[in-house]
Amino acid sequence: MNFRITPMTAAHLPAVAALEKACFPADPWSEELFRGALSSPHACVLLALGEDGGILGYAVVSAVLDEGNLDNIAVARPARRQGVADALLSALTGFGREHLSRLMLEVRASNSPAIALYEKHGFAAVGRRKHYYTAPREDAVLMTLEFGHGTETA
């Protein structure tokens, strides 16, 4: 599958919000939440676009000082298992290696394919948040990728 990773623009908002609803029907982000991330100087929103310009996936990272959080990542069902999430995560971890001391995320405890992908990129489980997710209620596994800079003290 051929695709490219590119920054999201406001023109993509309706399609990204529709993909979000398809991927997370129980508790999707609204178009306004994506708009807020897009306009924030402390967030990065990337897309995977197919050859036809269709949105195959997206990822959102927000940062506070030198710490980043992977807030959201999703891939359209027909594009799964074709390297889209891997490419999005590679782009974000590359950014993190340049600018952040660590990148953190939460993932459903039952989502073993996502956990394996995160581990492939160097994330390690560091804890759990009990009953973090609803519909269905489930724990979140907390994962962190340390980049080894920006954490020095004087």
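Numbers here are sequence positions counted from 1. These numbers were taken from a predicted model, which means no experiment stands behind them.
Closest heavy-atom contact between A48 and L88: N-CD2, 4.0 Å. V45 and V60 get closest at one heavy-atom pair: CG1-CG2, 4.0 Å. Between L103 and T93, the closest heavy-atom pair is CD2-CG2, 4.2 Å. H121 and L145 get closest at one heavy-atom pair: O-CD2, 3.6 Å. Shortest non-hydrogen contact noted between A109 and E138 is N-OE2, 3.3 Å. Minimum interatomic distance between L117 and A85 (heavy atoms only, all atoms of both residues): CD2-CB, 3.7 Å.
Judged by distance alone, the side chain of R80 and the main-chain N or O of V75 form a donor-acceptor pair under 3.5 Å. Within the 3.5 Å criterion, the main-chain N or O of W29 finds a donor-acceptor partner in the side chain of E20. Judged by distance alone, the side chain of D139 and the main-chain N or O of H131 form a donor-acceptor pair under 3.5 Å. Side chain of S40 to backbone of G36: no donor-acceptor contact under 3.5 angstrom is found. In terms of modelled atom types and a separation under 3.5 Å, the side chain of S30 and the main chain of L33 share a donor-acceptor contact.
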> Can you check side chain to side chain contact (heavy atoms under 4.5 Å, CB included) on N111 and V141, steps first, answer last?
Replying inline: CA-CA 9 Å; N111 193 345; V141 175; over 6 Å; no
> After noting the C-alpha distance and the side-chain angles of L49 and I55, does the key distance pass the side chain to side chain contact (heavy atoms under 4.5 Å, CB included) rule?
Replying inline: CA-CA 5 Å; L49 296 179; I55 296 172; 3.7 Å; yes
> Passes side chain to side chain contact (heavy atoms under 4.5 Å, CB included), F34 versus N72? Steps please.
Replying inline: CA-CA 10 Å; F34 282 106; N72 200 336; 3.9 Å; yes
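By the ring pair (Phe, Tyr, Trp, His ring centres under 6.0 Å) test, Y132 pairs with no residue at all, sequence neighbours left out.
The distance from the CD atom of E106 to the CG atom of D71 is 8.0 Å, given to the nearest 0.5 Å. Taken from CE in M143 to CG in L70, the straight-line distance is 11.0 Å, to the nearest 0.5 Å. In this structure, NE2 in H99 is found 12.5 Å from CG in D66, a value given to the nearest 0.5 Å. L19 CG to F24 CZ: the interatomic distance, rounded to the nearest 0.5 Å, is 8.5 Å. Distance check: E31 CD to L13 CG gives 5.0 Å after rounding to the nearest 0.5 Å. Distance check, rounded to the nearest 0.5 Å: CE of M8 to CZ of R35 gives 8.5 Å.
R129 places a side-chain heavy atom less than 4.5 Å from the side chain of L142. In this structure, the side chains of V107 and Y118 come closer than 4.5 Å at one or more pairs of heavy atoms. A 4.5 Å side-chain heavy-atom check between H12 and L38 finds every atom pair outside the cut-off.
A continuous path of ILVMFWY side-chain contacts below 4.5 Å connects I115 to L89, so both sit in one hydrophobic cluster. Note on I73: it clusters hydrophobically with V61, by side-chain heavy-atom contacts below 4.5 Å among ILVMFWY residues. Linking Ile, Leu, Val, Met, Phe, Trp and Tyr whenever their side-chain heavy atoms come within less than 4.5 Å leaves L92 and M104 in two separate clusters.
Atom CZ of R128 sits in a crowded spot, with more than 12 heavy atoms from other residues, nucleotides or ligands closer than 6.0 Å.
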